[in-house]
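Just below is one structure, and these are the notes that go with it.
This structure is a prediction, so every number in the text was calculated from the model and none was measured. Order of the sequence lines fixes the chain letters, A, B, ..., with proteins taken first and strands second; residue numbering starts at 1 for each chain.
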There are 2 protein chains.
Amino acid sequence: MKKRLSISDIAKNLGISVTTVSFILNDKAKEKRISDALTHRVLDYVKKVGYKPNQLAKSLRTGKSKTLGLLVEDISNTFFANIAKQIEQRAYDHGYHILYCSMNNDVNRAKELIQLFHDRQIDGFIIAPTEGLSEVIHNLLKNNVPIVLFDRFIEDLDTNYVVSENKQAAYMGSKYLLDDLKATKVGMLTINSAQTQMRSRLDGYMQAMDELGRDAVIKKIQVDQPDEVTIDLVRDFIVDNKLDAVFFATNYIAIIGLKAIKKYKLSIDKIVSFDDHAIFSLFHTPVTSLAQDIKSISDHIIQILISEINGKSKGYQHIVIPCELKVRN
Amino acid sequence: MKKRLSISDIAKNLGISVTTVSFILNDKAKEKRISDALTHRVLDYVKKVGYKPNQLAKSLRTGKSKTLGLLVEDISNTFFANIAKQIEQRAYDHGYHILYCSMNNDVNRAKELIQLFHDRQIDGFIIAPTEGLSEVIHNLLKNNVPIVLFDRFIEDLDTNYVVSENKQAAYMGSKYLLDDLKATKVGMLTINSAQTQMRSRLDGYMQAMDELGRDAVIKKIQVDQPDEVTIDLVRDFIVDNKLDAVFFATNYIAIIGLKAIKKYKLSIDKIVSFDDHAIFSLFHTPVTSLAQDIKSISDHIIQILISEINGKSKGYQHIVIPCELKVRN
DNA sequence: ATGAATAGGTAAAACCATTTAGCAAACTTA
DNA sequence: TAAGTTTGCTAAATGGTTTTACCTATTCAT
């Protein structure tokens, strides 16, 4: 129940000034010509009594909160959860904490949260941007707030981003179905979204189909409808088009797709999905995946953000990370 | 690039004192006898210029950061990720933010993080405690820091916790295998951990076996070994003991177990697992699960924590939430 | 008419750190 | 020895709030 020590308690107890203690604790003893003897005396005492500076006061004075905001659509999605884990780890190594939140496809909530985070003097933002966030992100940029977008970017917004090599990966996955598995009719299942990563994946699929002169067969599903409805739509899509192969554009869709395949005992056995998932090696017909390099993505995000916070950035960076085709049989 | 407005800017621009503005903004206008006219003038102006109080300064002054710390073993685990999502949502509804981190089975890191969070004036902790954290949590309690443990608790630590009805659920799952599926030999696969939830699940299984006079067959696997090793151990366990049913104590183990079943084409088809997972309905022999009530767990956690922060708690609460048996065929 | 009560506000301290500007003593240099 | 430099340290301002204590002018009761 004893009150926390403040820097002035330390100073008082040692009979010196607060300034001196502050200098010493911030590694400015040499620079500010504090004697070695006093430096050690302070350091020893601080360690002995276990004094820790009040981060709030520090942040208030310096304007740096040593906290980053992570905004994703849904933290319970395995991709985002894994990103979150890596990011948190790396941020911590740099002395930063992560405030996170799920936007849950709610633009207003997202805007409010960004404002809220900004009010909290967050040092930088890591955002998987949803449609409709363009304006509020633009505002942040105008205020010189460090930002890194990931997973997708926003076309008319000039800023840092780290994304996967979506088009190339989708092309690779499609070619795998066509060339290696000799698929005759490959359907693409994606979501009804204009986000860049989705468009790129579509582009990669299209390119592969075009090269071989195959017809593209595409279904865009809506994320807000009940799974049961989507499951039936997927069955119709596969059956009506006589598909012998499918390409799922995200693991979220893939899981629904697999449910349809299982429920209606569809005999399709050439399957590729974006994003890896534990299910893919356990399903009765294994699913080949295009795994995003989560470690590398997280590394780049943090590195870019920290260097921008420290004013060491050299213009906006656009990082594109290759995916790995994980072939399963 | 314009500097943020502060409360004193507002006061100056309106020709009144900072105190008055503060009172009005904190809903104390009536109590402090500020005239309605002035109150509205201030409120209108504040809205017009979009002034937002600096949360750091506020926190520094009040000692409340409106931030909660969430400490889990691994945020990329679906159970924890789902809890995190719910918690974050509910915390937000009460005006709180979540600082989270994964402890990754590293006691020292965990201790350091708790200290770090405490230094940041976190208002309360939500912890899925690992072994070895007893002491540091005890210290927090001594300092009157509000804490809610979840998923498991620590025996010798008197504090709030919210856990699932593990023993009863495990009993129910075991009975389902024995009575409904007529299993003759049911093995229990769990992890090498003394955590309370694991012990309770074991107890529930044991009770069911005891009641029918069956022999308990238990294997504890180590979480730190490579999956391949564990997979082979699981096969040996199932084959050597001629099991026709298994009970997986967590979804983490279940996934490894399913990999073993698939890899070695084991013909076991009576399977129950704690925790639900998308895989369970998609595996070739569906897995019945004991789903934890994540919404209810999160609700209770936040409600207890907030009421303790507000000094409205009536002694430590021990909440035990029932699980749902999700039968699959 | 007088003292008390109330209405409507404000000045200044406090929260806890960082940082700028500067002071006194000791030491150099010419 | 006078002037300049270095050493070693500190007072006070600053960041943006909340909160305590108090002040003045008006209203009310007697």
How is [X] classified with respect to the nucleic acid when contacts are heavy atoms under 4.0 Å: base, sugar-phosphate, or nothing?
X	value
Ser6(B)	sugar-phosphate
Ile16(A)	sugar-phosphate
Ser35(B)	sugar-phosphate
Lys64(A)	nothing
Thr62(A)	sugar-phosphate

Have [X] and [Y] got a donor and an acceptor in their side chains that come within less than 3.5 Å?
X	Y	value
Ser193(B)	Glu131(B)	yes
Asp119(A)	Gln115(A)	yes
Tyr45(B)	Asn13(B)	yes
Gln292(B)	Ser164(B)	yes

Within residues 112-119 of chain A, residues whose heavy atoms come under 4.0 Å of DNA chain D: none

Residue mapping more 5' on DNA chain C - nearest nucleotide basis, Ile7(A) or Arg33(A): Ile7(A)

Residue closer to the 5' end of DNA chain C, Ile34(B) versus Ala57(B) (nearest nucleotide): Ile34(B)

Basic-acidic side-chain contact under 4.0 Å: [X], [Y]:
X	Y	answer
Arg109(B)	Glu88(A)	yes
Asp9(A)	Arg4(A)	no
Lys85(A)	Asp74(B)	yes

Could you give the distance from [atom1] ([X]) to [atom2] ([Y]), rounded to the nearest 0.5 Å?
X	Y	atom1	atom2	value
Leu56(B)	Gln55(A)	CG	CD	10.5 Å
Ser298(B)	Gln303(B)	OG	CD	12.5 Å
Phe80(B)	Ser76(A)	CZ	OG	14.5 Å

Heavy-atom contact window of chain A on DNA chain C, given 5' to 3' at under 4.0 Å: dC16(C) to dT20(C)

Along DNA chain D (nearest heavy atom to each residue), the more 5'-positioned of Gly15(A) and Leu60(A): Gly15(A)

Upstream residue (5' side of DNA chain D) when Thr20(A) and Arg61(B) are each assigned their closest nucleotide: Thr20(A)

Neighbour count above 12 (heavy atom, 6.0 Å) for Asp156(A) CG: yes

Contact boundaries on DNA chain D for chain A, cut-off under 4.0 Å to non-hydrogen atoms: dT7(D) to dG16(D)

